[in-house]
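The structure displayed is predicted, hence computed values, not measured ones. Note: hydrogens, waters and symmetry copies are ignored here, and every other heavy atom, side chains too, is used. Reminder, nothing fancy here: chain letters follow the sequence lines and each chain counts from 1.
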There are 2 protein chains.
Amino acid sequence: MEGDILRGHLDLLVVATVRGGASHGYAVIEALRAQSDGLFDPPEGTIYPVLHRLEAAGILASRWERPGRRRRRVYRLTDRGERWLADSGERWRRFSRGVTAVLGGAT
Amino acid sequence: MEGDILRGHLDLLVVATVRGGASHGYAVIEALRAQSDGLFDPPEGTIYPVLHRLEAAGILASRWERPGRRRRRVYRLTDRGERWLADSGERWRRFSRGVTAVLGGAT
DNA sequence: CTGTTATACATAGCCTGCCTATGTATCGAT
DNA sequence: ATCGATACATAGGCAGGCTATGTATAACAG
């Protein structure tokens with residue numbers, strides 16, 4: 001990956017993939033890779049702690065499932081998570097506009 | 001400011017402002033604040049180490065100036081810095097497209 | 001049936017880099 | 001004289017993404 005470029009934006013990406021249908025940790029990783037066309041490919045050691053943190057913050061909620069014999073922790077957005085996602089999306093757009101403005105015609 | 005949201009992108013922003021005419025550290029801070037419409041307002045303790053790091057990396061070069069009696073460290077882009085800026089601008093656009101793609105219609 | 005790969009989770013510890021706090025010095029305005 | 005703005009610098013805190021490692025189940029190749 002490209003350094004720590006996700007720093008500060010990873011929570012948003014993870015919540016967005018859960019919102020978009022990625023129900024458990026492993027699926028989040030695959031969704032990020034697929035939807036970013038291979039650009040984002042975070043290791044498991046990055047994603048699982050993020051999911052725990054987001055659950056502790058009340059943004060996600062989880063329950064265990066076992067579709068075969070293998071267990072999965074399945075996540076969904078809480079109401080608070082929905083609001084958080086909307087706010088964070090707006091924050092991202094502001095940030096992105098800010099960077100673009102600073103870059104200006106320079107590049 | 002909004003947490004560590006600049007993490008991983010600050011070097012790009014600083015180099016872009018120098019490229020855009022901000023010749024010394026204090027001016028970089030003001031340029032970032034002005035050009036981002038107040039969104040980015042990094043403290044001096046953030047910017048000066050960045051400038052030192054960028055100079056050590058051969059991206060910027062500096063010399064001392066004293067327009068009055070007060071000294072300034074005046075920066076310019078090296079040739080390598082010009083190339084680095086072009087590459088980093090491209091990296092930023094890829095990153096931005098990636099995030100937008102992951103957000104999808106979700107927000 | 002054994003080894004390898006994919007699926008699925010988890011945590012300890014490292015390291016980067018942005019921030020807070022603090023210090024120095026010059027200059028204009030009050 | 002004092003305060004704010006200008007201008008530089010560095011030490012130390014700390015969040016968070018990454019590496020490394022460990023567990024377990026399933027599928028498939030040879």
Side-chain angles (χ1 to χ4, degrees), chain A residues 1-15 17-18 22-34 36 39-57 59-60 62-75 88 95 98-99, chain B residues 1-15 17-18 22-34 36 39-57 59-60 62-75 88 95 98-99:
Chain A
M1 198 133 23
E2 325 201 356
D4 272 21
I5 213 169
L6 291 172
R7 184 78 166 241
H9 304 283
L10 184 58
D11 290 6
L12 169 60
L13 294 176
V14 167
V15 174
T17 60
V18 172
S23 58
H24 63 285
Y26 200 84
V28 166
I29 294 174
E30 293 199 305
L32 279 174
R33 185 167 45 227
S36 71
L39 182 65
F40 306 140
D41 191 12
E44 295 162 273
T46 294
I47 293 302
Y48 291 115
V50 168
L51 289 168
H52 299 333
R53 205 198 311 141
L54 289 168
E55 182 161 24
I59 290 164
L60 299 179
S62 78
R63 64 178 200 286
W64 285 103
E65 262 185 19
R66 24 181 57 207
R69 172 138 18 143
R70 194 155 45 191
R71 62 185 193 152
R72 283 177 177 174
R73 194 186 278 280
V74 173
Y75 291 89
S88 293
F95 173 75
V99 173
Chain B
M1 198 133 25
E2 323 199 357
D4 273 21
I5 211 168
L6 291 171
R7 184 80 165 236
H9 304 284
L10 184 57
D11 289 7
L12 170 61
L13 294 177
V14 167
V15 173
T17 59
V18 172
S23 56
H24 63 286
Y26 199 83
V28 166
I29 294 174
E30 294 198 306
L32 279 175
R33 185 168 43 227
S36 72
L39 182 65
F40 306 140
D41 190 12
E44 296 162 274
T46 293
I47 293 303
Y48 291 116
V50 168
L51 290 167
H52 299 334
R53 206 198 313 142
L54 289 168
E55 181 161 25
I59 290 164
L60 299 179
S62 77
R63 64 179 201 287
W64 285 103
E65 263 186 19
R66 24 182 55 208
R69 173 135 20 141
R70 194 156 42 190
R71 63 188 189 147
R72 281 178 178 170
R73 194 185 276 281
V74 173
Y75 290 89
S88 293
F95 172 74
V99 174

(request) May I ask you to decide if the ring planes of A/Phe95 and B/His9 are parallel, tilted or perpendicular, using 30° and 60° as cut-offs? (result) perpendicular
(message) In whole Å, I'd like the distance from the OH atom of A/Tyr75 to the C1' atom of C/dC9.
(response) 9 Å
(request) Look at all strands and tell whether B/Gly45 reaches a base, only sugar-phosphate, or nothing, counting heavy atoms closer than 4.0 Å. (result) base
(request) Figure out the CD/P separation between B/Glu44 and D/dG4, and round it to whole Å. (result) 15 Å
(request) Establish, with yes or no, whether the OP1 or OP2 oxygen of C/dA10 is under 4.0 angstrom from a side-chain nitrogen or oxygen of A/Arg73. (result) yes
(message) Less than 4.5 Å apart, side chain to side chain, heavy atoms only: is that true for A/Arg53 and A/Val50?
(response) yes
(message) If you compare every side-chain N and O of B/Arg53 against the phosphate oxygens of C/dC18 (OP1, OP2), does one of them come in below 4.0 Å?
(response) yes
(message) How many whole angstroms separate atom CZ of A/Phe95 from atom C1' of C/dC18?
(response) 13 Å
(request) May I ask you to say what B/Glu65 touches in the nucleic acid, namely base, sugar-phosphate or nothing, with a heavy-atom cut-off under 4.0 Å? (result) nothing
(message) Measuring only between side-chain heavy atoms, which start at C-beta, is A/Ile47 closer than 4.5 Å to A/Tyr26?
(response) no
(request) Ignoring backbone atoms, test whether A/His52 places a side-chain nitrogen or oxygen under 4.0 Å from the OP1 or OP2 oxygen of C/dT11. (result) yes
(request) Would you kindly give the CZ-to-C1' distance between B/Arg72 and C/dA25, to the nearest whole Å? (result) 15 Å
(request) Give a yes/no answer on whether the side chain of B/Tyr48 brings an N or O atom under 4.0 Å of OP1 or OP2 in D/dA9. (result) no
(message) For D/dG17, does the base pair up with any side-chain atom of A/Arg7 as donor and acceptor (N or O, under 3.5 Å, distance only)?
(response) no
(request) Whole angstrom is fine here: how far is it from CD1 in A/Ile47 over to P in D/dG17? (result) 9 Å
(message) Closest approach to the side chain of B/Trp64, judged atom by atom: which nucleotide of C/dT20, D/dC8, C/dA8 is it?
(response) D/dC8
(request) State, with a plain yes or no, whether a side-chain heavy atom of A/Leu54 is found less than 4.5 Å away from one of A/Val18. (result) no
(message) Let me spell it out: for each of A/Arg71 and A/Thr46, pick the nucleotide of DNA chain C with the closest heavy atom. Which residue's pick is nearer the 5' end?
(response) A/Arg71
(message) Without decimals, in angstroms, what is the distance between B/Leu6 CG and D/dG16 P?
(response) 14 Å
(message) Expressed as a whole number of angstroms, how long is the span from B/Leu10:CG to C/dT16:P?
(response) 17 Å
(request) Report yes if some heavy atom in the side chain of B/His24 is under 4.5 Å from a heavy atom in the side chain of B/Arg73; otherwise report no. (result) no
(request) Output yes when at least one side-chain N/O atom of A/Arg70 is less than 4.0 Å from OP1 or OP2 of D/dA26, else no. (result) no
(message) Distance check needed: D/dT19 P versus A/Ile29 CD1, whole Å only.
(response) 12 Å
